[in-house]
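For ligands, and for the atoms within them, numbers begin at 1 and follow the listed sequence. Residues: numbered from 1 along the sequence shown.
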Amino acid sequence: ASPVPPAAAHRRRLRPSASGREVVSQCLKCEINQDRPMGALRIGHSQGNLPRHGSKNLLTPAAAISVEQVEVSTYLPKGDMWSVHKFGGTCMGTPQRIQNVADVVLGDSSERKLIIVSAMSKVTDMMYSLVHKAQSRDDSYTEELDKVFEKHMAAAKDLLDGENLARFLSELHSDISNLRAMLRAIYIAGHATESFSEFVVGHGELWSSQMLSYAVQKSGASCSWMDTREVLVVKPSGPDMVDPDYEESEKRLEKWFSRQPAEIIVATGFIASTAENIPTTLKRDGSDFSAAIIGSLVRARQVTIWTDVDGVFSADPRKVSEAVILSTLSYQEAWEMSYFGANVLHPRTIIPVMKDNIPIVIRNMFNLSAPGTVICKQPANEDADLDACVKSFATIDKLALVNVEGTGMAGVPGTSSAIFSAVKEVGANVIMISQASSEHSICFAVPEKEVAAVSAALHVRFREALAAGRLSKVEVIHDCSILAAVGLRMASTPGVSAILFDALAKANINVRAIAQGCSEYNITVVLKQEDCVRALRAAHSRFFLSKTTLAIGVIGPGLIGATLLNQLRDQVAILKENMNIDVRVIGITGASTMLLSETGVDLTRWKEEMQKEAKPADLANFVRHLSEDHVFPNKVLVDCTADTNVASHYYDWLKKGIHVITPNKKANSGPLDRYLKLRTLQRASYTHYFYEATVGAGLPIISTLRGLLETGDKILRIEGIFSGTLSYIFNNFEGTRSFSDVVAEAKEAGYTEPDPRDDLSGTDVARKVIILARESGLRLELSDIPVESLVPEALKSCSSPNEFMQKLPSFDQDWARQRHEAEAAGEVLRYVGAVDVLNGKGRVELQRYKRDHPFAQLSGSDNIIAFTTSRYKEQPLIVRGPGAGAEVTAGGVFCDILRLASYLGAPS
Ligand SMILES: NC(=O)c1ccc[n+]([C@@H]2O[C@H](COP(=O)([O-])OP(=O)(O)OC[C@H]3O[C@@H](n4cnc5c(N)ncnc54)[C@H](O)[C@@H]3O)[C@@H](O)[C@H]2O)c1
Ligand SMILES: N[C@@H](CCO)C(=O)O
Ligand code: NA
């Protein structure tokens, strides 16, 4: 990227023009004069009593006279700092959606952003209908105009307030009354010129973009609104087609920017002007085109097209249920596919960005977790494996094949020219052509509805040749379809067509004709229409064995994290083979170093790699590595720390579309408002957050509770022994070893928290009680739970876990006494937690139980959790088993990873 020169601040003088209807803006440095219509002037950084930037219609001649000079920057930076977004009508469909769009815009951290928007959904159709009704003298156009007005007024009232709302409504009022006058004129004339109707129709974009720009401004961001008719200049290039005038548009954009150099520019899609400043539109798919042109004018880093699908599919998902979203496509592939009617971009949208290699990303506004499809220049030396060289399959139905055959064709120049000129005369569109090199026949496909005319024309044209036997026949084969395989790298990969034809043969499908251009971007076969969907599925499944891929980032390779990595190491191959789940650890970060990988860390040697390749740990970079990866569609962060700070990022990660899995209790037992915010976000998005191992380690506690709640059971009480450490300690503290020895054993066995005081103080149990309480719907804070601590007062201030462990033996006497007292009464000590759902309370305490009580029967690090519910009232539902330890905890985390994979579509 070229260095950005400092913005040159130019000063301008504004004065009313001679007519008083315009403002003359004179640059004091360049001495350039610009005449602006009074109503269209917007000011960049305004001073004095000029209106703030973004406002319109407020500049009166008086204001212009009273303010002499306005400071503006005239330099339009170009390049990587720009990111361009386009939001389609559905994304702008309701006030809430417009607000979501504003949030997405604000969430993009690019230095400069240009946002192109379509009209609110249905509005453009309504506007076309207004013109149509007015010119057919249908009075109901006035009611329809009222509806347009009300729709925008209601949306604005929902979305905006204060001064911005007032401004928008006053604009809207004045636009509507102008439209009313214009439609009235159309009504009287009974006719609308093209420029009249283009003018009317473009209003939807004016309003939606203004609303969005006000919504963005609400956050305090530097944002201005752009009417692209002031900037984009196009010339007609055919019926319903225009070509952009890049040079003139760039000049105008620079001028425009000099007046309002905001960091965010919200602009109208679809509309433009002619060189003579007559409003016009970019026609079909116009807003995508606007975004691509503007993206190329500022040499943007990327153009993102937001829509309501996850990206470009490998085949029509209505026909192929296993169709997958493609992560990347070359410009040419996108081109090919749109030709075949795939819901990609219109080819002309690709042209403006292609020359500067600007990637276009197609993303789903309603599923921010989907990374979308990137359309870009294909990396030249990428390994061509057969799996990846066919990108997608497309079909075209309702075709007929025409076959012209005869010995007299061979070696006679001009035969094909004669055939196709006859076809051209009847205006038919030839979709594919194939000629065998023996030259005895040419066949081509045309739309079914055109074939009768084509056949007739050929019979006329070749009457003599047919009569003389030089041509044996002109034959029509009806009810055909085309199946096309598209992929850039088919050209350089042997065997692709073999696989395709093999797949078709195995599905018992007869191929009628074949065509492959030299570019080899596509192989086209013609088959019977009735076979088409079957052929599509057969070919698709041959090239795309549907796999669920999951890219994992592991945070905290301590006891649990390391055990998880080893479990993954032993299982990945089996998952791939048996379940079609492709799990890749693409990053591991500890507290001081991190290891990043593009394709997946070698899990047999991750520890060595970690030492050899590691960089200084940086959580933000670690997360970026994961989120910016374009190879893997699904990403998950597994937090195996006990860190509160790491847990505080879950919200942002989920927001970025990264799933989160953790045994760390800090997020769910932290401040209630944060917890609720996290859960609300997670419920509203397609991202998942799983934390089974936070309670009872690998035991199915959370999932059992969820199952009860989701099927309508009512939880009355949950009680039990929730600490593996404390369970182990009291199960083993039987008079043979000292209390401190048993604590040391628990730590050694990996049951304790990184700091064993978290277990002995009861904090860890209280966190689990809180997690279950919140899961059951109670809104409790950790501080609401009374906790009986087992940490001696004198040891609370020890500076390290080690110091604590060293000093603990001095309290062994006290413990021995307590144990004796219980034993004398035929009881044992147990540390229990309880959630009393009915009364909205929780507690954590040391209690004594008779020797025959279920809580007294435990061994090892067993947890026991009893759910008393409406359904399990007489006898509680009990889950029991080891509730701490490396293998079982890591196993619980692993289970969550597989649960995620199955949510994402892996076979169960
Ligand atoms: N041990 C168990 O039986 C068990 C059971 C259930 C849940 N858990 C939970 O699992 C988590 C891990 O426990 P553990 O026993 O493996 O602890 P551990 O101390 O062995 O491991 C934690 C690791 O995280 C690293 N770490 C700390 N802060 C970090 C940061 N900001 N960024 C990156 N790495 C960081 C540490 O260096 C360490 O390697 C804890 O939240 C614990 O509550 C443990
Ligand atoms: N330290 C915890 C680990 C399981 O969360 C326990 O002992 O129960
Ligand atoms: Na669990």
Heavy atoms of the protein only: does one fall short of 4.0 Å from atom 36 (C) of ligand 1? no
I need the contact type for [X] against ligand 1. Using non-hydrogen atoms and a strict under-4.0 Å cut-off, is it side chain, backbone, both or neither?
X      : result
Leu559 : both
Cys640 : backbone
Pro663 : both
Thr589 : backbone

Within the structure, does Lys665 bring an N/O atom to less than 3.5 angstrom of an N/O atom in ligand 2?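 So ligand 2 has an N or O lying under 3.5 Å from an N or O of Lys665.
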Hey, does Ala693 come in under 3.5 Å of ligand 2, counting only N/O atoms on both sides?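 For ligand 2, there is no N or O atom that lies under 3.5 Å from one belonging to Ala693.
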Compute whether any side-chain donor of one residue and acceptor of the other, for [X] and [Y], lie under 3.5 angstrom apart.
X      : Y      : answer
Arg679 : Tyr675 : yes
Thr711 : Asp713 : no
Thr687 : Gln682 : no
Ser800 : Asn802 : no
Asp741 : Ser738 : yes

Nitrogen or oxygen of [X] less than 3.5 angstrom from that of ligand 1:
X      : result
Ile555 : no
Pro557 : no
Gly750 : yes
Gly885 : yes

Using a strict 4.0 Å threshold on nitrogen-to-oxygen distance, state whether [X] and [Y] make a salt bridge.
X      : Y      : value
Arg737 : Glu745 : yes
Lys850 : Asp852 : no
Glu775 : Arg706 : yes
Asp582 : Arg584 : yes
Arg605 : Glu609 : yes
Asp652 : Lys655 : no
Arg774 : Glu781 : yes

Hey, looking at [atom], which of [options] has the closest heavy atom?
atom                    : options                        : answer
atom 42 (C) of ligand 1 : Glu692, His649, Glu753         : Glu753
atom 24 (O) of ligand 1 : Ser861, Gly696, Gly724, Gly556 : Gly556
atom 11 (C) of ligand 1 : Thr641, Asn664, Asn645         : Thr641

Under 4.0 Å from a heavy atom of [X]: which atoms of ligand 2 are those, numbered in the order shown and with their elements?
X      : answer
Asp759 : 1 (N), 2 (C), 6 (C), 7 (O)
Asp764 : 1 (N), 2 (C), 6 (C), 8 (O)
Gly724 : 6 (C), 7 (O), 8 (O)
Thr752 : 1 (N)

For [atom], what's the nearest protein heavy atom and its distance?
atom                    : answer
atom 2 (C) of ligand 2  : Glu753 OE2, 3.2 Å
atom 44 (C) of ligand 1 : Ile560 CG1, 3.9 Å
atom 7 (O) of ligand 2  : Thr725 OG1, 2.6 Å
atom 19 (O) of ligand 1 : Pro754 CG, 3.4 Å
atom 38 (C) of ligand 1 : Gly558 CA, 3.9 Å
atom 4 (C) of ligand 2  : Lys768 NZ, 3.4 Å
atom 5 (C) of ligand 1  : Thr889 OG1, 3.1 Å
atom 31 (N) of ligand 1 : Asp643 OD2, 2.8 Å

Could you tell me how the ring of Phe733 sits relative to the ring of Phe739: parallel (under 30°), tilted (30 to 60°) or perpendicular (over 60°)? perpendicular
Can you say whether the rings of Tyr650 and Trp653 are parallel (under 30°), tilted (30 to 60°) or perpendicular (over 60°)?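 Plane angle between 30° and 60°, so tilted.
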Does ligand 2 have any atom that is closer than 4.0 Å to a heavy atom of Gly883?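 It does, in that a heavy atom of Gly883 comes within the 4.0 Å cut-off of ligand 2.
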Proximal ligand 1 atoms for [X], defined as those under 4.0 Å from one of its heavy atoms:
X      : result
Ala884 : 3 (O)
Gly590 : 32 (N), 33 (C), 34 (N)
Val646 : 30 (C), 31 (N)
Ala693 : 6 (C), 7 (C)
Ala642 : 40 (C), 41 (O)

Output, in order, the C-alpha distance, side-chain angles, deciding distance and verdict of ring-ring contact (aromatic ring centres under 6.0 Å, His included) for His649 and Tyr651. CA-CA 5 Å; His649 292 293; Tyr651 184 88; over 10 Å; no
Would you call Arg717 and Val837 a side-chain contact if the rule is heavy atoms closer than 4.5 Å? no
Hey, are the side chains of Val828 and Arg848 touching, using non-hydrogen atoms and a 4.5 Å cut-off? no
Here's a test for you: under side chain to side chain donor-acceptor pair (under 3.5 Å), which of Asp764, Thr644, Thr763 qualifies with Lys665?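 Only one of Asp764, Thr644, Thr763 forms a side chain to side chain donor-acceptor pair (under 3.5 Å) with Lys665, namely Asp764.
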Between Val695 atom O and Ala697 atom O, the angle centred on the Na ion (ligand 3) rounds (to 10°) to 100°
For a distance under 3.0 Å, tell me if Leu699 has an N/O/S atom near the Na ion (ligand 3).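 An N, O or S atom of Leu699 is closer than 3.0 Å to the Na ion (ligand 3), so yes.
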Heavy-atom neighbours of Arg779 CZ exceed 12 at 6.0 Å: no
